[in-house]
Q: 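Handing you a structure now.
Scope of the values below: all heavy atoms of this structure, side chains included, with no hydrogens, waters or symmetry mates. Labels below follow one simple rule: chain letters A, B, ... track the order of the sequence lines, proteins then strands, and each chain is numbered from 1.
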2 protein chains.
Amino acid sequence: MGITERKEREKAEMRRRIVDAAIDMFVAEGYEKVSIRNIADKIEYSPATIYLYYKDKDELLYDVQAEAFGKLAAYFKAKITAADPLERVEQLALAYFDFSQEYQELYDLMFIIKAPMNSVEEDEEWKNGLEAFSYLRDIMTECVEKKLVRFEDPMTATLSVWAFVHGFISLNLRCRIKIAQLDVLALPAFVRSCVQHYVNTIKA
Amino acid sequence: MGITERKEREKAEMRRRIVDAAIDMFVAEGYEKVSIRNIADKIEYSPATIYLYYKDKDELLYDVQAEAFGKLAAYFKAKITAADPLERVEQLALAYFDFSQEYQELYDLMFIIKAPMNSVEEDEEWKNGLEAFSYLRDIMTECVEKKLVRFEDPMTATLSVWAFVHGFISLNLRCRIKIAQLDVLALPAFVRSCVQHYVNTIKA
DNA sequence: AAATATACTGAACAGTGTTTATTTTATCCA
DNA sequence: TGGATAAAATAAACACTGTTCAGTATATTT
């Protein structure tokens, strides 16, 4: 029965086309431009067709988010090169920050906006972020076990580093850091220095 | 000419009615329910009337945000009671966290969603957050000057504390912390403990 | 070739922010 | 006080959004 297989493949290809169009629009034109109608236009299908492949917009955005997390994992893989765990923490933190600057709209979808998380059931687990999260968790766990950091609990360590960097990034992306009246051009460098200072602070 | 004064007063009163209705809806029913039409319904005016008092939704949300920041400042005033600067840091951080839990939808408007910041011009300053920010900045500046913390620069200290706590809050509000598979009921206590751990970490 | 199953779409529904022409209400002046 | 003027409020429309559904076109099966 090669026919059902081909149909499955075609279904998957269509989903690919939809997700690719969506992520392109995210990166190129920003979140606002990503409407079902705009995606449909781009792939030259009617809006209703998209609903044959995705039950709603959230479910589609969830797949786009998965794609974005793939990019982040690749980013980590490329930029975390050190052997020393503490150095790896710093490399990860800075790579995470750099990613947020290079792909602001994707960062939004991955970590800030509500949308795609609605399609994750209350009890169900959220798999998209797992690979990237594991990177951080494994490094921090190693740091804790080798007593390289001032944390006793690996989970506290992991979430603290994540929260610290994400905090800066999201306050900045949402223009709340404006209140500090810093020079906008100097901001990225300032945030990087804060991150580095933090990593130094947690060293044992 | 008492008439123009009365008109001004009436204009202000109308803006009050609109903002009050909006903030009530935010707190009671959440961000999604706050549409111009819904607000108009609540104050028993037509939607178009709102545009006689606010140029667009962003400008209205900006005033709602100002109201919300008033609540936060009151929260700080009530909960930051210690004399010792380091104790004050901890009280502020925990008060900030408690506020975010008690007024989740307001926190959204104040620190997470894009919306009301569009009505702040690029070069113009954002006044809404100033009082609350000053609370934190003054405390951190004192800590730095008295060498109570491992920061040399007051601004780095201020933004680091803010980013750390905001990071946890926003990852949690947006369900991204799900990835850590912690017990949901135990989460608030866990976050509090992370915040306390951080405050201890930055002590000189 | 006819019957069935699959894929797709046009049009509609209910909602959004916003604008404009029109009507209602209030103020001013003769 | 009555008519002109100014201010305030609105109904209706526009252009958009996510989503659904009846109907059409295309494949597949018999």
Q: Hey, do the aromatic rings of A/F190 and A/F168 have their centres closer than 6.0 Å?
A: no

Q: Let me know the distance between CD1 of A/I50 and C1' of C/dT9, rounded to the nearest Å.
A: 13 Å

Q: Take B/E10 and B/E32, find for each the nucleotide of DNA chain C with the closest heavy atom, and name the residue whose nucleotide sits nearer the 5' end.
A: B/E32

Q: Send over the distance from B/I36 CD1 to D/dC16 P, rounded to a whole Å.
A: 19 Å

Q: Tell me the interatomic distance from A/L52, atom CG, to C/dA5, atom C1', rounded to whole angstroms.
A: 14 Å

Q: Under the ring pair (Phe, Tyr, Trp, His ring centres under 6.0 Å) test, which residues partner A/Y31, sequence neighbours left out?
A: A/F26

Q: Does C/dG10 have its OP1 or OP2 closer than 4.0 Å to a side-chain nitrogen or oxygen of A/S46?
A: no

Q: Please report the distance, rounded to the nearest Å, between CD1 in B/I43 and P in D/dT10.
A: 9 Å

Q: Is any N or O donor-acceptor pair between the side chain of B/R37 and the base of C/dG15 shorter than 3.5 Å?
A: no

Q: Would you mind telling me which of C/dC8, C/dT18, C/dT16 lies closest to the side-chain atoms of B/Y51?
A: C/dT18

Q: Assuming nearest nucleotide by heavy-atom distance, tell me which of A/A48 and A/V34 is located more 5' along DNA chain D.
A: A/V34

Q: Using 4.0 Å as the upper bound for N to carboxylate O, is an ion pair formed by A/D123 and B/K178?
A: no

Q: Kindly point out which of D/dT10, C/dT18, D/dA8 is positioned nearest to the side chain of B/D56?
A: C/dT18

Q: Give the nucleotide from the list D/dA8, C/dT9, C/dG17 with an atom nearest to the side chain of B/K57.
A: C/dG17

Q: Please state how far atom CZ in B/R15 lies from atom P in D/dA9, giving the value in whole angstrom units.
A: 14 Å

Q: Ring centroid separation for A/W126 and A/F133, is it under 6.0 angstrom?
A: no

Q: Please determine whether a side-chain nitrogen or oxygen atom of B/N38 lies at a distance below 4.0 Å from atom OP1 or OP2 of C/dT16.
A: yes

Q: Look at A/T49 and C/dT9 and indicate whether a side-chain polar atom (N or O) is within less than 4.0 Å of OP1 or OP2.
A: yes

Q: Answer with yes or no whether the side chains of A/D63 and A/Y54 bring together a donor and an acceptor at under 3.5 Å.
A: yes

